[in-house]
> 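One structure, pasted below without further comment.
From a predicted model like this one, the values you see are computed outputs, not experimental measurements. Atoms considered below: every heavy atom in the structure, side chains included; atoms not considered: hydrogens, waters and symmetry mates.
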Amino acid sequence: ILFGYTGQISFGHAAFFAAGAYTSAYFSIHYGWNALFTTLLGAILSMALGALLAIPASKLVKHFLSLLTIAFGQLVYTFVNSTRSITGGASGLKDIPNISLCGYQINTYAKNFVLILVVMGILILAKCNLINSRIGRAFIAIRENTQAAYSSGIDVRSYKVLAFVISACYTGIAGSLFAHLINFV
């Protein structure tokens, strides 16, 4: 969504992956919350971080945008390593519980594969619907020619922020599911 449809380059998406993974792991371990709910929390936090980054980044292009996203990724890396009480520091978080759906434990790679395949299918379907909508056409117009899109009345900055937020959400979901798959972050 971010690069393919709006032409924005991000080298800091590992930060959103980490935000989703650590959020889901932290609340599952320390509060015993359901892994699907904590995955949703991880996606929401990733979206918030995506918006926080996208607002200043929406005015940047090419290598300036890539440098900002690299710096953001390094900030999250530094945060993760320095907050031992939340993230476990360099040692990370271990013994992350498996995902449970209505009492059914998803505790093998095969079961996780099916779950991740279903989630991926839902997210791809949502992306296809988004791209075939007015928002998707605005994304493509921005990718093709930002100035022409702006001249056509498209609020380029808002759509760039939206693309960043959606991309961060998808990445946060992936991070959360990965944390529950390997039981360690």
> Can L52 be reached from L67 by stepping across I, L, V, M, F, W or Y side chains whose heavy atoms are under 4.5 Å apart?
no
> Given side chains that start at C-beta, do those of L101 and L115 come closer than 4.5 Å, heavy atoms only?
yes
> Would Y22 and Y26 satisfy ring pair (Phe, Tyr, Trp, His ring centres under 6.0 Å), going step by step from the backbone distance to the final call?
CA-CA 6 Å; Y22 276 104; Y26 180 82; 9.6 Å; no
> Tell me, do V119 and L177 make a side-chain contact under 4.5 Å, heavy atoms counted?
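A side-chain contact under 4.5 Å exists here.
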> Apply side chain to side chain contact (heavy atoms under 4.5 Å, CB included) to the pair S91 and R84, showing each step before the final yes or no.
CA-CA 8 Å; S91 300; R84 189 166 176 78; 3.6 Å; yes
> Determine whether a donor-acceptor pair (N or O, by modelled atom type, separation under 3.5 Å) exists between the side chain of T39 and the backbone of I173.
no
> Are I140 and I142 connected in a single hydrophobic cluster, I mean Ile/Leu/Val/Met/Phe/Trp/Tyr linked by side-chain heavy atoms less than 4.5 Å apart?
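Same hydrophobic cluster.
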> Can you get from I116 to I99 by hopping between Ile, Leu, Val, Met, Phe, Trp and Tyr side chains that sit under 4.5 Å apart?
yes
> Report the residues that fulfil side-chain hydrogen bond (donor to acceptor under 3.5 Å, both in side chains) with T38, sequence neighbours left out, ordered by chain and then residue number.
S24, S28
> Hey, does the side chain of N183 reach the backbone of D95 with a donor-acceptor pair shorter than 3.5 angstrom?
no
> Under a single-linkage rule joining Ile, Leu, Val, Met, Phe, Trp and Tyr whose side-chain heavy atoms are separated by less than 4.5 Å, which residues share a cluster with I44?
L40
> Does the S46 side chain pair with the main chain of G42, one donor and one acceptor, at a distance under 3.5 Å?
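Here the side-chain-to-backbone pair exists.
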> According to a hydrophobic-cluster definition based on side-chain heavy atoms being under 4.5 Å apart (Ile, Leu, Val, Met, Phe, Trp, Tyr only), do I131 and V161 belong together?
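Each belongs to a different hydrophobic cluster.
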> Parallel, tilted or perpendicular: which describes the rings of F164 and F16, with under 30° parallel and over 60° perpendicular?
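Aromatic pair F164/F16 classed perpendicular.
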> Going through the checks in order, is the side chain to side chain contact (heavy atoms under 4.5 Å, CB included) test met by K160 and V61?
CA-CA 11 Å; K160 282 185 172 184; V61 293; 4.2 Å; yes
> Any side-chain to backbone donor/acceptor pair from T23 onto G20? Under 3.5 Å, distance only.
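Checked: no pair found.
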> Would you compute the distance between atom CG of L117 and atom CG of N112 and round it to the nearest 0.5 angstrom?
12.0 Å
> Let me confirm one number: the CG-CD1 distance from L130 to I166, rounded to the nearest 0.5 Å.
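The CG atom of L130 sits 4.5 Å away from the CD1 atom of I166.
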> With sequence neighbours excluded, give me every side chain to side chain donor-acceptor pair (under 3.5 Å) pair touching residues 133-154.
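Every side chain to side chain donor-acceptor pair (under 3.5 Å) pair that includes a residue of residues 133-154, provided the two are not neighbours, is R134-Y159.
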> Go through H13 and S10 one step at a time and tell me if the side chain to side chain donor-acceptor pair (under 3.5 Å) criterion holds.
CA-CA 6 Å; H13 261 57; S10 173; 2.8 Å; yes
> Output all residues satisfying side-chain hydrogen bond (donor to acceptor under 3.5 Å, both in side chains) with K111, sequence neighbours left out; order by chain, then residue number.
N107
> Taking only residues at least two apart or on different chains, which pairs with a member in residues 115-132 satisfy side chain to side chain donor-acceptor pair (under 3.5 Å)?
Y5-K127
> Mind checking what makes side-chain hydrogen bond (donor to acceptor under 3.5 Å, both in side chains) contact with K59, not counting sequence neighbours?
none
> Rounded to the nearest 0.5 Å, how far apart are CZ of F139 and CD1 of I154?
10.5 Å
> Count the heavy atoms of every other residue, nucleotide or ligand shown that sit under 6.0 Å from CZ of F178, and state whether that count exceeds 12.
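12 or below, so no.
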